[in-house]
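Okay, so here's the structure we're looking at.
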Number of protein chains: 4
Amino acid sequence: MIAPMAARKQRLNPRKQPVQNRSKTTVDTILLGAAQVFEVHGYAAGTTNRIAERAGVSIGTLYQYFPSKEAIAVALLERHIADTDHRLHEWVGHMVVEQHGLCDALHDYVNGMLEMHSKQPRLQHILLEETPLPENVHQALLEAERHAAKTVAGLLRLYPEIQHPCLEHAGFMVVQTVESLTHRFAAHPDDQFIPRNIFIDEMVAMLVAYLARV
Amino acid sequence: MIAPMAARKQRLNPRKQPVQNRSKTTVDTILLGAAQVFEVHGYAAGTTNRIAERAGVSIGTLYQYFPSKEAIAVALLERHIADTDHRLHEWVGHMVVEQHGLCDALHDYVNGMLEMHSKQPRLQHILLEETPLPENVHQALLEAERHAAKTVAGLLRLYPEIQHPCLEHAGFMVVQTVESLTHRFAAHPDDQFIPRNIFIDEMVAMLVAYLARV
Amino acid sequence: MIAPMAARKQRLNPRKQPVQNRSKTTVDTILLGAAQVFEVHGYAAGTTNRIAERAGVSIGTLYQYFPSKEAIAVALLERHIADTDHRLHEWVGHMVVEQHGLCDALHDYVNGMLEMHSKQPRLQHILLEETPLPENVHQALLEAERHAAKTVAGLLRLYPEIQHPCLEHAGFMVVQTVESLTHRFAAHPDDQFIPRNIFIDEMVAMLVAYLARV
Amino acid sequence: MIAPMAARKQRLNPRKQPVQNRSKTTVDTILLGAAQVFEVHGYAAGTTNRIAERAGVSIGTLYQYFPSKEAIAVALLERHIADTDHRLHEWVGHMVVEQHGLCDALHDYVNGMLEMHSKQPRLQHILLEETPLPENVHQALLEAERHAAKTVAGLLRLYPEIQHPCLEHAGFMVVQTVESLTHRFAAHPDDQFIPRNIFIDEMVAMLVAYLARV
DNA sequence: TATGAATGAGTCTTCATTCAT
DNA sequence: CATGAATGAAGACTCATTCAT
């Protein structure tokens, strides 16, 4: 996966502290600690003191860089959206260049997403569902998903075997299915029942069948 | 949808208070209030006092029936699992009797699940992800999902057009896909982008294609 | 001083907790503690924990009766206004009945106010000046002062020796002068320089001269 | 108003940092910022960071010139006392030279004081009542007031129409009355009820009547 | 000397839980 | 059994002050 792409920049966290590049290390440290703490404790039980402690800074320092607990979660989500976006565009770029078959392409995508979510299986859900997000962030999220659907739709256009009458809807379904199944499996893997690679294969099979059905 | 089925009973909440059938009404009232409060406020902000108030009982009474806030959530989840189970078996029974086609059958299933989740879109997620559940509940959850997969697999056996080599895996994928997509859509419907009925149709199309692919 | 009067009731603190008569003791205890703590530490440094401790209740109990620190200050101020009002009306009633001379009447008034302020010299100022009061309380305060001015003006009408062309203004000046001088002396008595009784006499002399000047 | 007078110098702030004349500009800048910040936010909410920001210096620099927040308030109060003192002596000097009538003289005084307090109506009160001052400052304050009383008494000696048996007490009353009424009106002007110029006239009338009563 | 990032004790407030009535 | 006043540990956040650069 190569070829990133200038992502649509959308500051989701335009608070007091610009969270700029100077002392980036501290901000990063805090966000790293926050990710770990939220991952383990959830949003509500992920206290700012715990985050500061985990990040190895004082609570005062934390509040020098983020105006509130919510702002930390928003920053984390901002990163997640950017990451997902980045990954998607890398993948699309790659596929456009390499001319893989649909099956391989989807396999690559699913695999990448599963890998991504497996690192911090709960974090995304926590940010998306437990955190009381300001309205603009919700909008940005919706927008990001729509954008992803359209991007995937654009890629699908390259595959003549695809029969689906509406590529936008197809793109939406692909994105949603991969996102949700991938997350679900990452969060509660049931390897006893179905091993990871088979799970991936089944998901790919389902998507291929859906897109290229007769 | 008729024909329930004796669900596998598994006490998930074997704490101090036996939560028996005596004064069942009070327990039900409390759980009803808790469901509403959690749905609106989330787990952390769903205070026991609010639950008691909503249920129309005193906080003392609440603690007479549940030993802790967590126990309430667990009881709620227990119910949710039983409901889902019940719904699934009703559906399967119905399908066995009525001999619908695969497409209709899946449409019925998807529709039912979406309907179920749409009533309280957040509740399931809150119980599953926001609540710090004891290990045995997690196990019961996994078990319930496996059981559902097997049940669906049993139903799929009745459709000769299904090509899938492993019905257990197919059942698992169907259950997981419906669960996760359905929940995702219920939680964040994006009607602007894709209307509900089209979403259902697409999901069904995907499942049918997956199961009956050549 | 007798003869109170149905004071204009104006709830300045219509928050969640009605602060009613049941468990009046607890509310009173808290207010008593708050008065002492504010008196000693000022508003900002008068922490709710200190208040609770002083009142001999837990911090939780304090917040069961008052929704915020500010509400406590407002309740205290409410009492102060009511007390002052009560005292004023008692005095006026008394004077109307007893037909004292102007000099005696003013002496009685000044003495009463000084006595009142001497109990908690700082408290009033703290409540009036340090506490960030909601707008409606400020209005109520202004109203109370105007009302006091009018009440005194009404009393002054009974004294034919008073030459002042505008009794309303005269009443205002009397109230303001007594209030501010009285408070100033109570807060920083300089007995070395001028003893209390002489101070009172001088103040009365000033007011009499002002009202009855040729 | 001319003719100042070498004020009794009394270092109220003999802390670590000598607060000398070197880099006097910086000290002045800080005090100016502090006055503005205290005026707006009060003592407790007037943070040192805000003061530094307002003064256009870094927080580090602020602490290079003042050992603590309290020291800033004390320095400010010191200035206020000196200013008042200066103003008083200017006035007395002026009166001695110009030979105005008592009424005009008092009018001038009252007017000047009201003007002075109207600029920063809260500041004096904040410094006097909200700030936890060390004992020596309180003593200095008392001393300043006694000195003012004596100064005014000296001036009153020039007016033969004054009947008051004890000029020292009369001076004290004049100073106290003007100080407190003036401050009260500046802090909470009630122009609806009594306009500023009438308020001044009434106050002067009261003082004249008091001093020159038969 | 000036700077400002870092500190952490201390503030207000919430809420699960208990227990005397 | 039901009640609800009382509890106090814990959380988000502030701000006076320090110190390495």
Side-chain angles (χ1 to χ4, degrees), chain A residues 17 22-23 25-27 29-30 41 43-53 55-72, chain B residues 17 22-23 26 41 43-53 56-72, chain C residues 17 22-23 25-27 29-30 41 44-53 55-72, chain D residues 22-23 26 41 43-53 56-72:
Chain A
Q17 302 290 342
R22 195 186 311 221
S23 78
T25 313
T26 307
V27 167
T29 309
I30 293 170
H41 299 277
Y43 179 76
T47 74
T48 50
N49 280 292
R50 251 199 276 253
I51 292 173
E53 193 184 12
V57 302
S58 76
I59 183 63
T61 299
L62 185 152
Y63 276 92
Q64 202 129 40
Y65 289 94
F66 295 93
S68 68
K69 181 179 171 179
E70 189 196 291
I72 299 177
Chain B
Q17 302 290 342
R22 195 187 314 216
S23 76
T26 307
H41 299 276
Y43 180 76
T47 73
T48 50
N49 277 289
R50 248 199 276 252
I51 292 172
E53 192 186 13
V57 302
S58 75
I59 183 65
T61 301
L62 185 152
Y63 275 90
Q64 208 107 41
Y65 289 93
F66 295 93
S68 68
K69 182 180 172 179
E70 189 196 297
I72 299 175
Chain C
Q17 303 290 343
R22 194 187 311 225
S23 78
T25 314
T26 307
V27 167
T29 310
I30 293 170
H41 298 276
T47 74
T48 49
N49 279 293
R50 252 199 275 251
I51 292 172
E53 194 184 13
V57 302
S58 75
I59 183 63
T61 299
L62 184 153
Y63 276 93
Q64 201 130 41
Y65 290 94
F66 295 93
S68 67
K69 182 179 171 179
E70 189 197 291
I72 299 176
Chain D
R22 192 187 316 215
S23 76
T26 306
H41 298 278
Y43 180 75
T47 72
T48 50
N49 277 289
R50 249 199 276 249
I51 292 172
E53 193 186 13
V57 303
S58 76
I59 183 65
T61 300
L62 184 152
Y63 275 90
Q64 207 107 42
Y65 289 92
F66 294 93
S68 69
K69 182 180 171 179
E70 190 196 297
I72 299 176

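Throughout, protein chains are lettered first and strands after them, A, B, ... in sequence-line order, and every chain is numbered starting at 1.
- Closest contact between the side chain of D/Thr61 and the listed nucleotides E/dA6, E/dA2, E/dT17 involves E/dA2.
- Shortest non-hydrogen contact noted between A/Tyr63 and A/Lys69 is OH-N, 4.3 Å.
- In this structure, C/Arg50 contributes its side chain and C/His41 its backbone to no donor-acceptor pair below 3.5 Å.
- Look at CZ on D/Arg50: it is 17 Å from C1' on F/dT17, rounded to the nearest Å.
- Close to E/dA5, at under 4.0 Å from its OP1 or OP2, lies no side-chain N or O of A/Thr26.
- With sequence neighbours left out, the side chain to side chain donor-acceptor pair (under 3.5 Å) criterion links A/Ser58 to A/Thr61.
- One finds the CD1 atom of C/Ile30 at 9.5 Å from the CD atom of C/Gln64 (value rounded to the nearest 0.5 Å).
- The residue among C/Thr48 and A/Ser58 whose nearest nucleotide of DNA chain E is located toward the 5' end is A/Ser58.
- Whole-Å rounding puts the B/Gln64 CD to F/dG4 P distance at 13 Å.
- The interatomic distance linking D/His41 (NE2) with F/dA16 (C1') rounds to 16 Å, in whole Å.
- Counting only Watson-Crick and G-U wobble pairs whose two key distances fall under 3.5 Å, DNA chain F forms stems of three or more stacked pairs at E:2-21 with F:2-21.
- Straight-line distance from the CD atom of D/Glu53 to the C1' atom of E/dT3: 15 Å, rounded to whole Å.
- Of all nucleotides listed (F/dA16, F/dC13, E/dA5), F/dA16 comes nearest to the side chain of D/Lys69.
- With sequence neighbours excluded, the residues that form a side chain to side chain contact (heavy atoms under 4.5 Å, CB included) with C/Ala44 are D/Ala44.
- Nearest approach of B/Gly46 to B/Ile51, heavy atoms of both residues: O-CD1, 4.1 Å.
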From CA spacing to verdict: side-chain contact (heavy atoms from CB on, under 4.5 Å), B/Ile72, B/Leu62: CA-CA 9 Å; B/Ile72 299 175; B/Leu62 185 152; 3.7 Å; yes
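- By the side chain to side chain donor-acceptor pair (under 3.5 Å) test, A/Thr48 is found to be paired with no residue, residues two or more places apart in sequence or in another chain being considered.
- Residue C/Tyr65 has its side chain nearest to F/dA5 when only F/dT7, E/dA16, F/dA5 are considered.
- If you measure from atom CZ of B/Phe66 to atom P of E/dT18, you get 16 Å, rounded to the nearest angstrom.
- Nearest-nucleotide positions on DNA chain F for C/Leu62 and A/Ala45 put C/Leu62 closer to the 5' end.
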Table of protein N/O atoms under 3.5 Å from nucleotides 19-21 of chain E N/O atoms:
none

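- Atom CD in D/Glu70 sits about 18 Å away from atom P in F/dC15, given to the nearest Å.
- Comparing B/Asn49 and A/Ile59 along DNA chain F, the residue whose closest nucleotide (by nearest heavy atom) sits nearer the 5' end is B/Asn49.
- Between A/Val27 and A/Phe66, the closest side-chain pair of non-hydrogen atoms falls below 4.5 Å.
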